[in-house]
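Read through the structure below, which is laid out as structure tokens, and then see the notes.
Everything numeric in this text was worked out from a predicted model, so none of it was measured.
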Amino acid sequence: TVNFDVGNVEDLPYDDGRFDVVLSMFGVMFAARPARVIAELARVTRPGGRVVLANWTRGGFIGKMLAKHAAVAPPPAGVPSPLLWADETVLRERFDQRTWEITTTPRILTFRYPSTPAGTAELFRTAYGPTVRAFAVLDEDRRATFAADLAAHWSWHQRGENATEVDSEYLEVVAVRR
């Protein structure tokens with residue numbers, strides 16, 4: 001049985017030690033206060049339980065795309081880059097050794113979309129939170145330039161022929177709660 005709950009990763013609506021496994025695929029990395037996220041993950045994960053994360057890397061396709069977003073729509077002051085969630089030094093600071101044993105593994109996710117790279121970039125413009133946010137703060141001229149830049153980014157990394165196929169690196173993080 002799977003339940004889907006709407007919540008805030010900085011203030012989870014669950015009892016202490018409730019879960020054997022807590023999973024986030026490209027989600028918690030976008031929270032504004034990583035220390036609060038880690039505290040909540042520790043609180044709701046039982047001892048011996050695991051937190052499993054997938055976080056985009058700085059050098060991967062999405063990491064490079066997020067850098068383009070930050071160049072046109074910087075995050076609010078004091079909000080760290082979400083890409084730090086794939087920096088092993090930062091992860092080992094956030095997941096302290098007294099509370100967690102962590103392992104990391106680089107992985108590849110392949111995006112496959114039935115549209116052209118330009119069509120895929122347009123899909124992200126309307127449905128991917130960071131891209132939606134970036135376009136929302138730009139004037140019309142800068143939107144056109146940014147749209148062309150994103151379409152070029154998808155085209156440059158494209159390896160499919162009749163549809164869009166792009167690989168993006170992410171870091172798999174498995175943190176066992178002590």
Side-chain angles (χ1 to χ4, degrees), residues 1-70 73-113 120 123-134 136 164-178:
T1 301
V2 173
N3 294 318
F4 292 97
D5 298 327
V6 175
N8 181 338
V9 71
E10 295 180 4
D11 186 21
L12 295 169
Y14 304 112
D15 294 334
D16 295 357
R18 168 99 185 264
F19 298 104
D20 294 326
V21 176
V22 178
L23 172 71
S24 172
M25 292 193 69
F26 318 111
V28 301
M29 66 182 286
F30 291 102
R33 298 178 296 187
R36 185 71 194 131
V37 171
I38 296 293
E40 280 296 275
L41 293 174
R43 186 183 67 76
V44 301
T45 305
R46 71 163 177 80
R50 290 179 288 169
V51 170
V52 181
L53 307 175
N55 301 322
W56 298 122
T57 63
R58 187 173 306 279
F61 173 81
I62 293 292
K64 290 176 182 175
M65 189 171 79
L66 290 172
K68 293 176 181 299
H69 290 65
V79 175
S81 169
L83 298 174
L84 291 173
W85 283 90
D87 180 309
E88 291 193 48
T89 301
V90 172
L91 281 171
R92 293 189 188 287
E93 291 170 2
R94 290 179 179 172
F95 286 93
D96 71 274
Q97 290 182 354
R98 293 178 318 279
T99 310
W100 303 97
E101 177 185 334
I102 74 166
T103 58
T104 60
T105 307
R107 303 264 188 216
I108 298 293
L109 181 142
T110 301
F111 289 100
R112 290 184 180 92
Y113 290 98
T120 302
L123 172 66
F124 271 62
R125 179 181 180 168
T126 61
Y128 184 59
T131 309
V132 171
R133 180 187 173 279
T164 300
E165 189 170 306
V166 170
D167 289 338
S168 189
E169 182 185 61
Y170 67 95
L171 189 68
E172 175 191 276
V173 180
V174 178
V176 178
R177 176 89 162 79
R178 295 185 193 270

Donor-acceptor pairs are to be reported for all side-chain atoms of residues 77-84 against protein atoms at under 3.5 Å, with residues two or more places apart or in another chain.
| residue | atom | partner | partner atom | Å |
| --- | --- | --- | --- | --- |
| S81 | OG | L83 | N | 3.1 |

List the residues meeting side-chain hydrogen bond (donor to acceptor under 3.5 Å, both in side chains) with R46, not counting sequence neighbours, and say none if there are none.
D20

Residue set satisfying side-chain hydrogen bond (donor to acceptor under 3.5 Å, both in side chains) with S24, at least two apart, ordered chain then number -> none

side-chain hydrogen bond (donor to acceptor under 3.5 Å, both in side chains) partners of Y14, counting only residues at least two apart
D5

Output every pair passing salt bridge (Lys or Arg N to Asp or Glu O under 4.0 Å) with a member in residues 59-70, not counting sequence neighbours, ordered by first then second residue.
K68-D149

Please identify each residue that fulfils salt bridge (charged side-chain N to carboxylate O under 4.0 Å, His left out) with R125, with sequence neighbours left out.
E122

Could you list all the salt bridge (Lys or Arg N to Asp or Glu O under 4.0 Å) pairs where at least one residue sits in residues 167-178, not counting sequence neighbours?
R107-E172, R159-D167

Would you say the side chain of L91 lies within less than 4.5 Å of the side chain of W85, judging by non-hydrogen atoms?
yes

Indicate every side-chain donor-acceptor pair of residues 30-41 with a distance under 3.5 Å to a residue at least two apart or in another chain.
| residue | atom | partner | partner atom | Å |
| --- | --- | --- | --- | --- |
| R33 | NE | E10 | OE1 | 2.7 |
| R33 | NH2 | E10 | OE1 | 2.5 |
| R36 | NE | E10 | O | 2.8 |
| R36 | NH2 | E10 | O | 3.4 |
| R36 | NH2 | E40 | OE2 | 3.3 |
| E40 | OE1 | L12 | N | 2.6 |
| E40 | OE1 | R43 | NH2 | 3.0 |
| E40 | OE2 | R43 | NE | 2.9 |

Quick check: do F111 and T120 have side-chain heavy atoms less than 4.5 Å from each other?
no

Within the 4.5 Å heavy-atom criterion, are Y128 and I62 side-chain neighbours or not?
yes

Inter- and intrachain pairs under side chain to side chain donor-acceptor pair (under 3.5 Å), touching residues 89-98, at least two apart
D96-T99

Who passes side-chain hydrogen bond (donor to acceptor under 3.5 Å, both in side chains) against N8, sequence neighbours left out?
none

The salt bridge (charged side-chain N to carboxylate O under 4.0 Å, His left out) partners of D87 (sequence neighbours excluded) come to none

Closest approach of P130 and H69, non-hydrogen atoms and distance?
O-CD2, 3.1 Å

Nearest heavy-atom contact between A54 and Y170 is CB-CD1, 3.7 Å

For A86, which residues count as a side-chain contact (heavy atoms from CB on, under 4.5 Å) partner, sequence neighbours excluded?
N55, T57, L171

Closest approach of P76 to R133 (non-hydrogen atoms, all atoms of both residues):
CD-NH2, 4.1 Å

Between T45 and A42, is there a donor-acceptor pair closer than 3.5 Å when you use the side chain of the first and the backbone of the second?
no

Could you walk me through whether M65 and W56 satisfy the side chain to side chain contact (heavy atoms under 4.5 Å, CB included) test, starting with their C-alpha distance in whole Å, then the side-chain angles of each, then the deciding distance to 0.1 Å, before giving a yes or no?
CA-CA 10 Å; M65 189 171 79; W56 298 122; over 6 Å; no

